[in-house]
**Q** 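Take this structure first; my questions come after.
Every chain is numbered from 1, with letters handed out A, B, ... down the list of sequences. No hydrogens, no waters, no symmetry mates; every other heavy atom, side chains included, goes into these values.
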Number of protein chains: 2
Amino acid sequence: MLSSTSDYALRAILVLAQAEPGRPLRADEIARATGSPANYLAKTLNALAKAGLVTSARGPLGGFTLAVDADQLTLARIVDCFDDPRPNTRCLLGARACDARHPCRAHDRWTAVQATRRAALANTTVADLLEPALVAAD
Amino acid sequence: MLSSTSDYALRAILVLAQAEPGRPLRADEIARATGSPANYLAKTLNALAKAGLVTSARGPLGGFTLAVDADQLTLARIVDCFDDPRPNTRCLLGARACDARHPCRAHDRWTAVQATRRAALANTTVADLLEPALVAAD
DNA sequence: CGAAAACCCGATTCTCATATCCAGATGAGA
DNA sequence: TCTCATCTGGATATGAGAATCGGGTTTTCG
């Protein structure tokens with residue numbers, strides 16, 4: 001479903017979203033809470049910080065904080081940090097390039113399948129996952 | 001979007017679905033038509049044959065034939081041969097197991113996201129991709 | 001200013017999907 | 001039955017993501 005890096009990132013973001021607002025969480029705390037390998041998660045958190053999704057602070061009292069409101073943070077934004085958002089652009093039928101201007105027979109239908117799958121991530125926010133009772137299904 | 005193995009398999013199935021019904025296509029013909037590495041595709045086709053999606057025949061006049069009607073063959077059936085259909089069962093929030101009986105807060109919503117993504121593959125058939133004009137969007 | 005806490009980051013190793021190669025097994029046709 | 005075309009499948013190489021390690025840098029506090 002997700003690459004393991006994206007999975008770690010999503011779990012980490014969920015932990016941060018549930019944390020007390022003022023206090024940063026250390027990388028090793030997040031690793032323990034999510035069951036992720038600590039050394040690897042540190043890099044993943046660093047990537048999230050570079051992408052602007054979390055804020056990092058060094059030194060004692062340092063750690064990570066969510067940098068985007070949970071109701072503005074879609075799962076697609078998290079996943080895109082790690083899994084290439086560009087789908088395979090090669091035409092499904094044959095080797096030539098396939099786009100909206102020169103669509104192959106399967107182009108529209110296949111594009112729709114991909115869009116549906118992406119929308120499932122783009123239409124769901126971190127807040128949606130944490131407040132299921134308040135949100136209707138799409 | 002798809003693992004490259006699943007991608008090869010989907011393209012191969014589409015080639016077979018467009019082929020003249022009686023005549024099998026050789027692995028190397030399919031590889032050339034899809035732009036897949038021939039040696040690797042041979043294994044992929046073999047896996048599809050074991051799964052019953054295609055029929056293989058050895059010797060002269062041998063090759064591969066579609067074993068399932070194109071309008072009965074969903075993309076999910078193809079992808080499931082290569083990408084583990086079981087999503088990560090670990091609870092998104094914390095380490096414990098998470099299922100319908102003991103759902104975590106995010107369980108229903110996350111399950112819905114996964115179901116939407118799977119449905120995009122389960123509701124689309126090979127025939128849908130090849131006869132776009134005849135099929136309404138879901 | 002010094003020490004400890006915590007992130008930063010390059011280098012390395014591990015693992016598995018991907019890819020290649022080649023020796024069998026099988027079947028069609030002569 | 002012989003030969004050749006074709007799939008079958010084991011052994012092995014490659015490469016990218018996953019995971020680990022160690023040293024460096026920044027920050028708080030005494």
**Q** How would nucleotides 13-20 of chain C be written as a contact map, 5' to 3', with B for base contact, S for sugar-phosphate-only contact and - for no contact, using protein heavy atoms under 4.0 Å?
**A** -----SBB
**Q** Send over the distance from Phe82(A) CZ to dG17(D) C1', rounded to a whole Å.
**A** 13 Å
**Q** Which pair of heavy atoms, one from Gly62(B) and one from Arg26(B), lies closest together, and at what distance?
**A** O-CG, 3.9 Å
**Q** Send over the distance from Asp83(A) CG to dA16(D) P, rounded to a whole Å.
**A** 16 Å
**Q** Classify Ala49(B) by what it touches in the nucleic acid, base, sugar-phosphate, or nothing, heavy-atom distance under 4.0 Å.
**A** nothing
**Q** Would you compute the distance between atom CG of Leu130(B) and atom CG of Leu93(A) and round it to the nearest 0.5 angstrom?
**A** 6.0 Å
**Q** DNA chain D: Gly62(B) or Lys50(B), which has the more 5' nearest nucleotide?
**A** Gly62(B)
**Q** Test Leu121(A) against Ile78(A) for side chain to side chain contact (heavy atoms under 4.5 Å, CB included), laying out the working first.
**A** CA-CA 9 Å; Leu121(A) 299 178; Ile78(A) 301 171; over 6 Å; no
**Q** Tell me whether the side-chain N/O atoms of Asn46(A) come closer than 4.0 Å to OP1 or OP2 in dC7(C).
**A** no
**Q** Between Phe64(A) (CZ) and dA6(C) (C1'), how many Å, whole number?
**A** 9 Å
**Q** Show your reasoning for whether side chain to side chain contact (heavy atoms under 4.5 Å, CB included) applies to Leu25(B) and Phe64(B).
**A** CA-CA 5 Å; Leu25(B) 294 182; Phe64(B) 294 89; 5.7 Å; no
**Q** For the pair made of CG in Leu25(A) and P in dA6(C), what is the distance, rounded to whole Å?
**A** 12 Å
**Q** Set out, in order, the CA-CA distance, both residues' side-chain angles and the distance that settles side chain to side chain contact (heavy atoms under 4.5 Å, CB included) for Leu75(B) and Thr125(B), then state yes or no.
**A** CA-CA 6 Å; Leu75(B) 307 190; Thr125(B) 67; over 6 Å; no
**Q** Considering just the side-chain nitrogens and oxygens of Arg58(A), establish if one lies under 4.0 Å of OP1 or OP2 belonging to dT25(D).
**A** no
**Q** Closest nucleotide of DNA chain C for Ser56(A) versus for Pro60(A): which of these residues is on the 5' side?
**A** Pro60(A)
**Q** Measure CG/Leu45(A) against P/dC8(C) and give the value in whole Å, please.
**A** 9 Å
**Q** Round to the nearest Å and state the distance from Leu61(B) atom CG to dT3(D) atom C1'.
**A** 15 Å
**Q** Starting at atom CZ of Arg26(B), determine the distance to atom P of dT6(D), rounded to an integer number of angstrom.
**A** 4 Å
**Q** Could you go through the side chain to side chain contact (heavy atoms under 4.5 Å, CB included) check for Asp69(B) and Val126(B) one step at a time?
**A** CA-CA 9 Å; Asp69(B) 285 346; Val126(B) 169; over 6 Å; no
**Q** Yes or no on side-chain hydrogen bond (donor to acceptor under 3.5 Å, both in side chains) for Ser3(B) and Thr5(B), after CA distance, side-chain angles and deciding distance?
**A** CA-CA 5 Å; Ser3(B) 70; Thr5(B) 305; 4.7 Å; no
